[in-house]
Structure formats: C-alpha cells, structure tokens
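The first residue of the sequence shown is numbered 1, and numbering continues consecutively from there.
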Amino acid sequence: MTVIKPHGVTIKATAHYLPERVVTNADLEKIMDTSDEWIVQRTGVRARHFCAEGESTREMSFSVLKDLLRNANIKPDELDLFILATVGAHMTCPSTACQILGDLADDPEFGHTNAGAFDITVACSGFTYGLNMAHDLMASGQYRNIAVIGAEHLSQYVEMTTRGRGTAVIFGDGAGGAIVSRSDNHDHGILAQMMRSDGAKWGELYIPEKARDIPEQTHNDEMPLGLMRMNGRAIFKFAVGTFGDLIQQTLDKADLSPADVDHYICHQSNVRILEACRERFGIPQEKMPINIDRLGNTSAASVPILFDEQVKAGRIKPGQKVMFVAFGAGLTWTSSLWQL
Ligand code: COA
C-alpha cells in the first residue's frame, strides 16, 4: 500500500548534555571489587558521566531542550509537542516533561508554551520509540515541530559496592534529543520503522519499588528496593540475536541492503553486542560509531547523544540514510530508518 504523505518530515536540530563528573574504571576499582580489565573486556566501558548532587533527569533535559530550540531557531510557541523518554521521571504525576516546560516558562530567554507534553517509559528504546511517534504525528499534517528527548539519571538506580557491580560498571547519566519538523521535501522522513516488545521477559531487567513488584520466577539478585536488577547473561543472549534480526527486518521493509544505509546509530549497550552485529552485516566501523567507552550505557539517552556527536562532527549529512536501533528493558526493541 502506498502511503501518501502530505509533506516530508525532517530532523531539524540535535543536542546533548553530559554531567561534568567523570567516573573512570580506576575510580570504581577503589570502591568495589572489580578491575579495568574485566569491565573493558566484558562491556567496552572505560568511563561514564554521573550527575552531581542536585542534577537529575529534569536539569539535563531542560538544558537539551533549550539547546534544541536555539539550534532549530524556533520559539517556545512554535513547539507543538514535547516527548520525554526516561525511566527517571521525577514523580508519578505530573510528567517530568510538563515540569520542564514549566522551567522553560520561567526562563527569560524562552518563556511560556502550551505545547503538549508527556513522558514515555520504554527504557533504552525510549528515544527511538519517541522519534517514530513524532514522525507519524508530523505526517498527520497537524504539527510543525516536536521535541523528542531521551534522558537518564541511572546512577541513582545502581549501588556503588561490590554487590552492585553487575550494573554499577555499565551505566552512565546523560541526555540527548532532536527536533522533528515538517519539511517541504516529500522525500524526507522515515522509510521503515519497528516498535516491538516481549512483556514475558520484563523480569530480566527492572527496578522494583515495592516488595510486591518482585516476581518469584524471575531474576532476583537481592538488591534493595529502588535499585536496578538485571539478568546480564539473559539480556546479552537476547540482545545479540534481536539486534541483528531487527536490522535485517528494517532493511527488508525498506527494500534496502546493509550497504545502502550510511550510518547505524545503535544503542550503546555493550561493545561485544555491537561488534557481533557489525560483523554479521559486514558494516564498516565508521558506519556504526561507538561511544560506550567514554559514556557507558546511558539508556534512552544513548542514541540521541551518539547521533548529535556524529552530526556535530560533520559525519552525518543531509540526504543520507540513518538507521536508529535500540533495545532495552520491557523487554523492548525498536528501529527507525530515516532519509535525512
Ligand atoms: N567486576 C568484576 N567481576 C564481575 C563484575 C564486575 N563488575 N560483575 C560480575 N563479575 C563476576 C561475576 O561475579 C562472575 O564471577 P564468578 O564466575 O566467580 O561467579 C563473573 O564475573 C562472570 O559474571 P557474568 O555475569 O556471567 O559475566 P558476563 O560475561 O555475563 O558479563 C555483563 C556480565 C553484565 C557485562 C554481560 O552479561 C552483559 O553485558 N549483558 C548485557 C547487559 C546489557 O546490555 N544491559 C543493558 C540492556 S539495555
């Protein structure tokens, strides 16, 4: 079936934010039983950024939103919608996205907006889910500019002890985002997309808030409530297969071969998972960039941070094809293949 688009959709601006505080593997060696060698070999991570006291999802996202508006040269009242992807919403109610628009209203450089705003909880898949949603809403012809931000304050969910080392060495904090806008060029937009989940596997990676949240039949590593529980081996096995299959299915949908895509912007989960995928498709290293060595796994923030880095470095250019690929808790997985 041919989809008739009223207009094209483009990614007008990108931005990211990283907390100043850098924690290296050597720093972790001092506070838990681990080693730089173990962490690098198993994950590829050498350092990560952690929020300072008083810094959180809200502050990081606010900084990214302001940079996005500046970079896209749009005023708050030209923004129609703000989608915040995070597992670190500050409260159950209201959404952190609404709080951030409140912060924007108080900022003399920006001011008030009635843009729609909501949070989505899709863990590491969050930004890419948001990008797909923003694109399809834009294609309806009823929106001009939508901000999508992925932001995570994961250091608050790990324990900096030997007991917590299974997750403490992997994750980092950060935020990144994009402005999705209407384009006069009908060729611009998504060529293929997928948003999938397997809810039967949610217990492989979760953050229980109450004792009743902990299922009997799933991974239970006895971390305190409020901290992340992860079955690393199960996730690894799941990810290696799913990541590759996801890329293949997305290429098939768009009737493209791996070489037709200029850049693969993949969730930075583990360098071994990414390498396995790169080898399966014969994708050259420069087409599948990696920053997990510097930033760790920043969940929903990892794809937009890497994308912004590549755009700012001049490696990603208008007219190219970019595939965003992510998987994470839920379990969820998603792709978004763009003609920029
Ligand atoms: N430092 C040193 N040793 C550690 C360690 C650490 N940070 N964490 C675990 N170990 C130890 C374990 O206790 C175990 O010791 P034992 O053999 O004496 O019992 C050994 O290392 C192997 O542990 P295991 O958990 O089997 O290691 P692994 O090879 O599966 O690697 C992960 C662990 C977490 C790095 C790996 O499973 C992984 O990357 N999984 C995917 C996680 C992921 O991507 N999550 C995010 C999804 S978005």
| message | For a 4.5 angstrom cut-off between non-hydrogen side-chain atoms, does S257 reach L251? | response | no
| message | Less than 3.5 Å apart, any donor N or O on the side chain of N297 or S269 sitting next to an acceptor on the other? | response | no
| query | Thinking salt bridges, do D107 and K66 make one under a 4.0 Å N-O criterion? | reply | yes
| Going through the distances and angles, do L65 and L104 end up as a side chain to side chain contact (heavy atoms under 4.5 Å, CB included)? | CA-CA 9 Å; L65 182 61; L104 199 68; 4.2 Å; yes
| message | So does V45 get a backbone contact from the side chain of N25, meaning a donor-acceptor N/O pair under 3.5 Å? | response | yes
| request: Evaluate the criterion side chain to side chain contact (heavy atoms under 4.5 Å, CB included) for residue pair M194 and L246; output intermediate values, then yes/no. | output: CA-CA 8 Å; M194 291 179 69; L246 177 60; 3.9 Å; yes
| query | Taking atom CD1 of I146 and atom NZ of K12, what is their separation to the nearest 0.5 Å? | reply | 12.5 Å
| With a 4.5 Å heavy-atom cut-off, do R58 and H153 have their side chains touching? | no
| Close side-chain approach of Q142 and L137, heavy atoms under 4.5 Å | no
| Hey, are D136 and Q193 close enough side-chain-wise for a donor-acceptor pair under 3.5 Å? | yes
| query | Does V9 offer a backbone N or O that forms a donor-acceptor pair with the side chain of S183 under 3.5 Å? | reply | no
| said: Which residue in the set D67, D308, N71 passes side chain to side chain donor-acceptor pair (under 3.5 Å) when paired with T14? | reply: D308
| task | Give a yes or no answer on whether the side chain of Q339 reaches the backbone of G319 with a donor-acceptor pair at less than 3.5 Å. | result | yes
| Which atom of A85 lies closest to which atom of F127, heavy atoms considered | CB-N, 3.7 Å
| said: Walk me through whether Q248 and D252 qualify under side-chain hydrogen bond (donor to acceptor under 3.5 Å, both in side chains). | reply: CA-CA 6 Å; Q248 187 60 59; D252 289 347; 3.0 Å; yes
| query | Which atom pair, heavy atoms only, marks the closest approach of L306 to C266? | reply | CD2-O, 3.9 Å
| request: Please report the closest heavy-atom contact between R182 and T10, naming both atoms and the distance. | output: O-CG2, 4.3 Å
| Can you get from M138 to I83 by hopping between Ile, Leu, Val, Met, Phe, Trp and Tyr side chains that sit under 4.5 Å apart? | yes
| Salt bridge present between K201 and E204 (N-O < 4.0 angstrom) | no
| said: I'd like to know whether R272 forms a salt bridge (charged side-chain N to carboxylate O under 4.0 Å, His left out) with E275, so could you lay out the CA-CA distance, the side-chain angles of the two residues, the decisive distance to 0.1 Å, and finally the verdict. | reply: CA-CA 5 Å; R272 289 187 292 154; E275 281 300 310; over 6 Å; no
| task | Please check if W38 and M32 belong to a single hydrophobic cluster, counting links between Ile, Leu, Val, Met, Phe, Trp and Tyr side chain heavy atoms closer than 4.5 Å. | result | yes
| remark: Between P76 and H112, the two heavy atoms sitting closest are CB-O, 3.8 Å
| query | Under a 4.5 Å side-chain heavy-atom rule over Ile, Leu, Val, Met, Phe, Trp and Tyr, are I190 and I179 clustered together? | reply | no
| query | Is there side-chain contact between S181 and Y143, with heavy atoms separated by less than 4.5 Å? | reply | no
| task | Ignoring hydrogens and angles, tell me if any N or O in the side chain of R48 forms a donor-acceptor pair with the backbone of V23 under 3.5 Å. | result | yes
| Derivation of the salt bridge (charged side-chain N to carboxylate O under 4.0 Å, His left out) call for R280 and D245 | CA-CA 10 Å; R280 172 169 162 187; D245 294 348; 3.0 Å; yes
| request: Tell me yes or no: between the side chains of T298 and E152, is some donor less than 3.5 Å from an acceptor? | output: no
| task | Taking the six-membered ring for Trp and the single ring otherwise, decide whether the centroids of W333 and F243 are under 6.0 Å apart. | result | no
| Applying the 4.5 Å side-chain criterion to the ILVMFWY set and letting contacts propagate, would V325 and L205 be lumped into a single cluster? | yes
| said: Tell me whether D119 contacts the main-chain N or O of S95 through its side chain, where contact means a donor paired with an acceptor under 3.5 Å. | reply: no
| Distance-only polar pair, side chains of H267 and S302, donor-acceptor under 3.5 Å | yes
| request: Please confirm whether the backbone N or O of T24 pairs with a side-chain atom of D27, one donor and one acceptor, at under 3.5 Å? | output: yes
| field | Any donor-acceptor N/O pair, D260 side chain to L256 backbone, under 3.5 Å | value | no
| message | Any salt bridge linking E159 with R165? Criterion: basic side-chain nitrogen under 4.0 Å from a carboxylate oxygen. | response | no
| task | Test F118 against L81 for side chain to side chain contact (heavy atoms under 4.5 Å, CB included), laying out the working first. | result | CA-CA 8 Å; F118 57 91; L81 191 64; 3.9 Å; yes
| query | Would you say the side-chain atoms of S155 and D173 include a donor-acceptor pair closer than 3.5 Å? | reply | yes
| Looking only at atom types and distance, does a side-chain atom of Q268 sit under 3.5 Å from a main-chain N or O of G296, one as donor and one as acceptor? | no
| request: Flag the pair L154 / V87 as yes when at least one side-chain heavy-atom distance between them is below 4.5 Å, and no otherwise. | output: yes
| query | Does any N or O in the side chain of Y264 come within less than 3.5 Å of the main-chain N or O of P258, such that one atom is a donor and the other an acceptor? | reply | yes
| task | Determine whether H49 and R21 make a side-chain contact, defined as any pair of heavy atoms from C-beta on separated by less than 4.5 Å. | result | no
| query | So do the side chains of I31 and T161 get within less than 4.5 Å of each other, counting heavy atoms only? | reply | no
| Atom CD1 of I170 and atom CE of M228: how far apart are they, to the nearest 0.5 Å? | 8.5 Å
| Over all atoms of both residues, closest heavy-atom pair of E209 and D213 | N-OD2, 2.8 Å
| task | Treat each ILVMFWY residue as a node, draw an edge where side-chain heavy atoms are under 4.5 Å apart, and state whether V240 and F238 are in one component. | result | yes
| Criterion side chain to side chain contact (heavy atoms under 4.5 Å, CB included) on F307 and I11, from CA distance to verdict | CA-CA 11 Å; F307 183 50; I11 297 177; 3.9 Å; yes
| Short question: side chain of D80, backbone of R144 - any donor-acceptor pair under 3.5 Å? | yes
| task | Evaluate the side-chain proximity of L331 to F327: yes if any heavy-atom separation is below 4.5 Å, no if none is. | result | no
| task | Please assess Q320 against H263 for the test side-chain hydrogen bond (donor to acceptor under 3.5 Å, both in side chains), listing each intermediate value before the final yes or no. | result | CA-CA 8 Å; Q320 291 186 323; H263 305 276; 2.8 Å; yes
| request: Classify the side-chain pair S336/H135 by whether it contains a donor and acceptor separated by less than 3.5 Å. | output: no
| request: Evaluate the criterion salt bridge (charged side-chain N to carboxylate O under 4.0 Å, His left out) for residue pair E109 and R70; output intermediate values, then yes/no. | output: CA-CA 10 Å; E109 185 189 341; R70 289 184 191 113; 2.8 Å; yes
| said: Quick one about S125 and T334 (side-chain donor to acceptor, distance below 3.5 Å, no hydrogens or angles considered), yes or no? | reply: no
